[in-house]
Amino acid sequence: MSAFNVAKFGGTSVADFAAMSRCSAIIENNPQTKLVVSSACSGVTNLLVELANGIAEPEQRAQIITQIAEIHHTIIDQLAEPTQVEKDVHAILDVVKSCAEAASFQSSKKLTDHLVACGELMSTHILAQLMRERGVNAVRFDIRDVLRTDDNYGKAEPQLNEISALAQEKLTPLCQQHVVITQGFIGSDEQGITTTLGRGGSDYSAALIAEAVQASGLEIWTDVPGIYSTDPRIAPHAKPIPEISFSEASEMANFGAKILHPSTLLPALRDGIPVFVGSSKEPEKGGTWIRQEVESAPQFRALALRSNQTMVTLHSANMFQTYGFLAKVFEILAKHKISVDLITTSEISVSLTLDKTDTSGGSPELPQAVKDELQDLCTVKVEHDLSLVALIGNQMENRGYAKQVFGVLDNFNLRMICYGASDHNLCFLVDSSSAKEVIQHLHAELFE
Ligand code: ADP
Ligand code: ASP
Ligand code: MG
């Protein structure tokens with residue numbers, strides 16, 4: 001394994017000149033950091049998604065494009081030699097303009113990916129130049145030449161063998177001479193068309209790249225000094241976790257802890273690459289190490305929250321004491337590539353939740369065609385505005401704690417409970433309006 005480190009910087013870490021300079025200092029401090037994966041500047045992807053969803057009013061479009069241009073210009077203006085970067089960023093802004101106009105007539109997932117990729121394409125031009133001006137031998141690399149995916153636009157699936165071969169051929173040699181600055185979140189399909197890995201996908205990109213170049217470490221630099229017992233924005237008394245296992249951290253990411261994209265730890269786990277999470281603003285505060293083997297395995301580790309959940313309830317009196325109903329339901333869902341997340345059943349009804357992390361955002365819809373097919377079997381009820389709360393821990397199947405947990409939740413309306421299927425989590429659906437309060441109450445009871 002080569003002794004080099006991959007460092008990923010999220011949107012707030014590259015939000016402005018000062019933030020980018022702090023990233024550069026972190027990279028300069030560790031000579032093993034040879035590969036840097038950057039997000040778009042803070043807020044830019046959201047603006048690009050707005051454009052990609054189609055804005056009919058030309059003035060409103062122009063206003064958003066001006067906002068995007070200003071975010072970048074403010075940083076470029078502070079560079080010593082801005083000329084080339086300015087040209088490069090302008091060329092990308094022209095793409096943004098023409099794609100935004102096209103999207104105002106007809107939006108599509110393919111066009112969305114092409115458009116939203118522009119955020120990372122711009123930020124990396126600026127970060128690389130800023131680092132060169134600080135004396136780092138930095139070079140920008142277009143990751144679309146390596147990060148091969150399928151053509152499932154909006155949430156593309158990485159093609160691991162191709163990524164590995166392309167990285168060995170194009171990226172590894174470059175890293176021997178330079179600090180390589182590249183984009184998170186984006187890739188390209190077999191035909192070279194731009195794809196994205198879904199919102200928050202830069203973490204996943206960094207892990208995939210770390211795996212492909214057989215890095216010795218992966219650092220995720222963000223705006224909080226590590227992984228906490230829950231989102232510190234929701235529960236101010238949340239505590240930092242110095243060390244956590246891959247499986248616990250994966251559960252947290254899967255259940256919506258925004259700090260890590262859900263798939264981030266898969267590549268790191270496959271290759272046993274230790275992952276560090278820290279704050280680029282306060283690197284001196286340390287952070288969290290995610291490792292295979294850790295010293296403690298507490299019963300309760302963390303609480304995670306995933307918003308934008310959709311619950312589908314299928315009801316059929318014919319289900320009573322018959323067989324094959326669930327098989328038919330899943331056949332329909334599989335045919336339409338609908339991924340089911342949680343499920344509970346009773347004699348005559350089934351409730352399931354749908355999840356969505358693709359680039360277009362919002363809560364998932366059950367497509368009309370799926371609804372129509374399901375309605376041939378049963379009645380179909382779809383509910384939005386729900387959030388999933390997950391309690392994550394260890395050996396949760398064999399230690400009595402239900403009373404303690406549900407005691408806290410007495411006053412809340414629980415819509416679905418999944419208890420006992422995993423020894424690492426207990427989760428339930430609540431109305432989105434009460435989700436934060438649920439987390440605060442549970443955190444106070446179990447962690448404070
Ligand atoms: P980046 O842009 O660096 O990828 P994100 O906004 O995607 O940053 O993720 C960092 C945010 O994740 C934090 O600001 C915090 O609000 C949120 N978060 C959610 N759960 C946790 C947790 N358990 N520990 C720390 N942060 C969390
Ligand atoms: N810029 C992308 C997003 O905002 C990817 C990322 O930051 O991880 O979703
Ligand atoms: Mg993120």
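Order of appearance sets the numbers: ligands from 1, and atoms from 1 within every ligand. None of these values were measured; they are calculated from a predicted model.
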- Task: Please write down residue, atom name and distance for the protein heavy atom closest to atom 4 (O) of ligand 2.
- Result: Arg199 NH2, 3.0 Å
- Task: Identify, for atom 6 (C) of ligand 2, the protein heavy atom at the shortest distance, and state residue, atom and that distance.
- Result: Ser202 OG, 3.3 Å
- Look at atom 7 (O) of ligand 2 and say which protein heavy atom is nearest, naming residue and atom and giving the distance to 0.1 Å. Ser39 OG, 3.0 Å
- Query: Of Ser164, Pro267, Pro158, which is the lone residue that meets side chain to side chain contact (heavy atoms under 4.5 Å, CB included) with Glu211?
  - Reply: Pro267
- Item | Over all atoms of both residues, closest heavy-atom pair of Ala235 and Thr230 | CB-CG2, 3.5 Å
- Query: Can Gly200 be said to touch ligand 2, with heavy atoms closer than 4.0 Å?
  - Reply: yes
- Task: Return yes if a side-chain donor-acceptor contact under 3.5 Å exists between Asp271 and Gln214, otherwise no.
- Result: no
- Query: If you measure from each heavy atom of Gly184 to ligand 2, is any distance below 4.0 Å?
  - Reply: no
- Parallel, tilted or perpendicular: which describes the rings of His261 and Tyr204, with under 30° parallel and over 60° perpendicular? parallel
- Item | Ligand-side contact atoms (ligand 2) for residue partner Glu120, heavy atom cut-off under 4.0 Å | 1 (N), 2 (C), 5 (C)
- Task: Check whether the ring centres of His73 and His90 lie less than 6.0 Å apart, and answer yes or no.
- Result: yes
- Message: Is it the case that ligand 2 has an N or O less than 3.5 angstrom from some N or O of Thr45?
- Response: yes
- Shortest non-hydrogen contact between Ser387 and Leu305, atoms and distance: CB-CD1, 3.8 Å
- Message: Between Ser24 and Arg134, do the side chains contain a donor N or O and an acceptor N or O under 3.5 Å apart?
- Response: yes
- On the 0 to 90° scale, with breaks at 30° and 60°, tag the Trp221-Phe9 ring pair as parallel, tilted or perpendicular. parallel
- Note on the structure: Counting heavy atoms under 4.0 Å, the part of His261 that contacts ligand 2 is neither
- Test side chain to side chain contact (heavy atoms under 4.5 Å, CB included) applied to Leu391 and Asn425, Leu446, Leu442, the passing residue: Leu446
- Message: If the criterion is any heavy atom closer than 4.0 Å to an atom of ligand 1, which residues make the list?
- Response: Lys8, Gly10, Gly11, Thr222, Asp223, Val224, Gly226, Ile227, Tyr228, Thr230, Asp231, Pro232, Arg233, Met252, Ala257, Lys258, Ile259
- Name of the residue among Glu284, Lys285, Lys281 meeting side chain to side chain contact (heavy atoms under 4.5 Å, CB included) with Pro225: Lys285
